[in-house]
Protein chains: 2
Amino acid sequence: MFSKTCEYAIRAVLFIAQKSEDGSKVGIREIAKGIDSPEHFIAKILQDLSRKGLVQSQKGPSGGFYLDKTSLHATLADVVRVVDGDKIFSGCALGLKQCSEIKPCPLHHEFKKIREDILRFLQSAKLGEFNRQLEQDLFFLKR
Amino acid sequence: MFSKTCEYAIRAVLFIAQKSEDGSKVGIREIAKGIDSPEHFIAKILQDLSRKGLVQSQKGPSGGFYLDKTSLHATLADVVRVVDGDKIFSGCALGLKQCSEIKPCPLHHEFKKIREDILRFLQSAKLGEFNRQLEQDLFFLKR
DNA sequence: ATAAAAAAGGATAAAAAAGTCTTTTATATT
DNA sequence: AATATAAAAGACTTTTTTATCCTTTTTTAT
Ligand code: FES
Ligand code: FES
């Protein structure tokens, strides 16, 4: 569904959202531990998200990653789009060069609905909205 | 969503279903052209599907690939499972080691529904059932 | 000023996926 | 029986994805 990079990215972003809700910042090491990902790899990914403005970062002692107001209201769809592009939202399920209503592949009609469901959900899910459940151990970012 | 291998596999199988409906067989070259895939690559994929019994093949002159009665009633889900495993049906959307109802990731509840939709459709779709629409150019396997 | 902490950046390595090429085996036709 | 045809098999290459390592830059606290 998502690339591994994207899976890590989402987990990291949600972790940062939760840990930085109070205005503090969280370092790479803690993030990597918190989502059980390779430290250097997630560092790379966050560099990227940071350049694209989806997470904020500060160098130096007591620095780290955090989400500002704007980022807290970004959606999972934004993260997915930045990392994986929009193949999942608009690409053909069977890999035809482009998905098309007038020359559809055999899966088109059904998968269109499914893609819309996915998009609808990812677009409605704001990065900050899982904090409470994460806090209360109703949701997990590693196992 | 699917691996490239799986996309080709599905397209090939549906192509074979259509072309062999009348009992004839269809060769690799024609299949590769018909679904616009690399010839040797699809050959390899079909080898695999053939070993697993999802398509039938015959060597030698006037040989080729075809689907027997049983295979015509196999489903897209069978193909996907053979090629991509069942990660898409039961894996965690965020890559947690296993998807779990009691320790769910933040996407679990929504993605569970989506996965079920996907499974429902793929399981209901028999390989032979697209022949008519393919014949009538209502569906396409290449572009 | 200086040392320490932390992210940024670049280079490389390892693994997996995608794709190609060559040889072997089976079989239908002659 | 000989031949031509077509898939099966296996070895190999390339590309992409995933992961690691090391150096540099920035920032803060002392
Ligand atoms: S054409 Fe394949 S999903 Fe639209
Ligand atoms: S735990 Fe992630 S999808 Fe079920």
Side-chain angles (χ1 to χ4, degrees), chain A residues 1-13 15-16 19-20 24-33 35-68 80 83-85 87-88 94-95, chain B residues 1-13 15-16 19-20 23-33 35-68 80 82-85 87-88 94-95:
Chain A
M1 187 81 82
F2 305 123
S3 69
K4 215 133 214 298
T5 302
C6 191
E7 292 174 353
Y8 287 143
I10 294 174
R11 277 152 64 191
V13 160
F15 184 81
I16 296 169
K19 293 296 178 184
S20 72
S24 63
K25 291 162 206 130
V26 53
I28 278 290
R29 190 127 358 117
E30 191 180 344
I31 296 171
K33 268 188 193 142
I35 69 172
D36 188 28
S37 77
E39 188 177 321
H40 290 99
F41 192 38
I42 195 62
K44 267 282 129 73
I45 296 168
L46 286 176
Q47 242 177 65
D48 216 60
L49 292 178
S50 164
R51 255 182 266 119
K52 307 246 171 83
L54 272 172
V55 308
Q56 283 62 50
S57 68
Q58 171 143 36
K59 287 181 172 183
S62 85
F65 292 89
Y66 63 98
L67 300 191
D68 64 16
V80 171
V83 178
D84 276 356
K87 189 162 161 253
I88 194 175
L94 291 190
Chain B
M1 187 80 82
F2 306 123
S3 68
K4 216 128 214 301
T5 302
C6 191
E7 293 173 352
Y8 287 143
I10 294 174
R11 278 151 64 191
V13 160
F15 184 83
I16 296 169
K19 293 296 178 186
S20 73
S24 63
K25 291 161 205 132
V26 52
I28 277 290
R29 190 127 357 116
E30 191 181 345
I31 296 171
K33 269 188 193 143
I35 68 172
D36 188 27
S37 77
E39 187 176 321
H40 289 100
F41 193 36
I42 195 62
K44 177 150 285 190
I45 296 168
L46 286 176
Q47 245 175 62
D48 215 59
L49 292 178
S50 164
R51 253 182 267 120
K52 308 244 171 82
L54 272 171
V55 308
Q56 283 61 50
S57 69
Q58 171 145 35
K59 288 181 175 183
S62 84
F65 293 89
Y66 63 100
L67 301 191
D68 65 16
V80 170
V82 158
V83 178
D84 276 356
K87 190 164 161 251
I88 194 176
L94 292 190

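For clarity, every value in this text was computed on a predicted model and none was experimentally measured.
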Value in whole Å for how far the C1' atom of C:dA17 lies from CD of B:E7 = 13 Å
request  = Quick one: closest heavy-atom pair of A:A9 and A:V83, and the distance?
outcome  = CB-CG2, 3.9 Å
Atom-to-atom span, CZ of A:F41 to P of C:dG9 - whole angstrom = 17 Å
inquiry  = Could you tell me if the side chain of A:Q47 sits less than 4.5 Å from the side chain of A:R51, heavy atoms only?
reply    = yes
note = Whole-Å distance, A:D84 CG to D:dT18 P, equals 8 Å
query = Tell me: CD1 of B:I45 to P of C:dT20, nearest whole Å?
reply = 11 Å
inquiry  = Between B:S50 and D:dA8, is there a contact of a side-chain N or O with OP1 or OP2 at under 4.0 Å?
reply    = yes
ask   = Going by heavy atoms in the side chains, are A:L49 and A:F65 under 4.5 Å from each other?
value = no
ask   = Using a cut-off of 4.0 Å on non-hydrogen atoms, how would the nucleic acid contact of A:V55 be classed: base, sugar-phosphate, or nothing?
value = nothing
ask   = Rounded to whole angstrom units, what separation is found between the CZ atom of A:R29 and the C1' atom of D:dC21?
value = 14 Å
task = Decide yes or no, distance alone: a donor-acceptor N/O pair under 3.5 angstrom between the base of D:dA9 and the side-chain of B:Q47.
result = yes
Closest listed nucleotide, where the reference is the side chain of B:Y8 and the choices are D:dA19, C:dA18, C:dG19 = C:dG19
ask   = Any side-chain N or O of B:T5 under 4.0 Å from OP1/OP2 of C:dA17?
value = no
query = Please give, in whole Å, the distance from D:dA8 P to B:Q56 CD?
reply = 11 Å
key: Side-chain heavy-atom pair A:Y66, A:V26 within 4.5 angstrom cut-off   = no
task = Would you indicate what A:I28 reaches in the nucleic acid, counting non-hydrogen atoms under 4.0 angstrom: base, sugar-phosphate, or nothing?
result = sugar-phosphate
request  = Please determine, for the side chain of A:F65, which listed nucleotide (D:dA8, D:dA19, C:dA8) has the closest atom?
outcome  = C:dA8
query = Roughly, in whole Å, what's the span from CD1 in A:I42 to P in D:dC21?
reply = 17 Å
query = NA contact type, B:R51, heavy-atom cut-off 4.0 Å: base, sugar-phosphate, or nothing?
reply = sugar-phosphate
ask   = Which distance, rounded to the nearest 0.5 Å, do you find between the NZ of B:K25 and the OG of B:S57?
value = 10.0 Å
B:S20 side-chain N/O to B:G23 backbone N/O, donor-acceptor pair under 3.5 Å = no
note = Closest to the side chain of A:K44, out of C:dA11, D:dA19, D:dA8, is C:dA11
ask   = With both distances under 3.5 Å as the test, what is the Watson-Crick or G-U wobble partner of D:dA8?
value = C:dT23
task = Run the salt-bridge test on A:K52 and A:D48 with the 4.0 Å N-O cut-off and return the result as yes or no.
result = yes
key: Nearest-Å distance for atom pair CD1/P, residues B:I35 and C:dG19   = 11 Å
Closest to the A:H40 side chain, choosing from D:dT20, C:dC21, C:dG19 = D:dT20
key: Short side-chain N/O contact from B:S57 to OP1 or OP2 of D:dA6, under 4.0 Å   = no
message = Return the pairing partner of D:dT15 with a 3.5 Å limit on both distances, Watson-Crick or G-U wobble; otherwise return none.
response = C:dA16
Side chains of A:I88 and A:D84 in contact at under 4.5 Å (non-hydrogen atoms) = no
Between protein and nucleic acid, restricted to nucleotides 28-30 of chain C and to nitrogen or oxygen atoms under 3.5 Å apart, what atom pairs and distances do you find?
residue	atom	partner	partner atom	Å
C:dA28	OP1	B:Q58	NE2	2.6

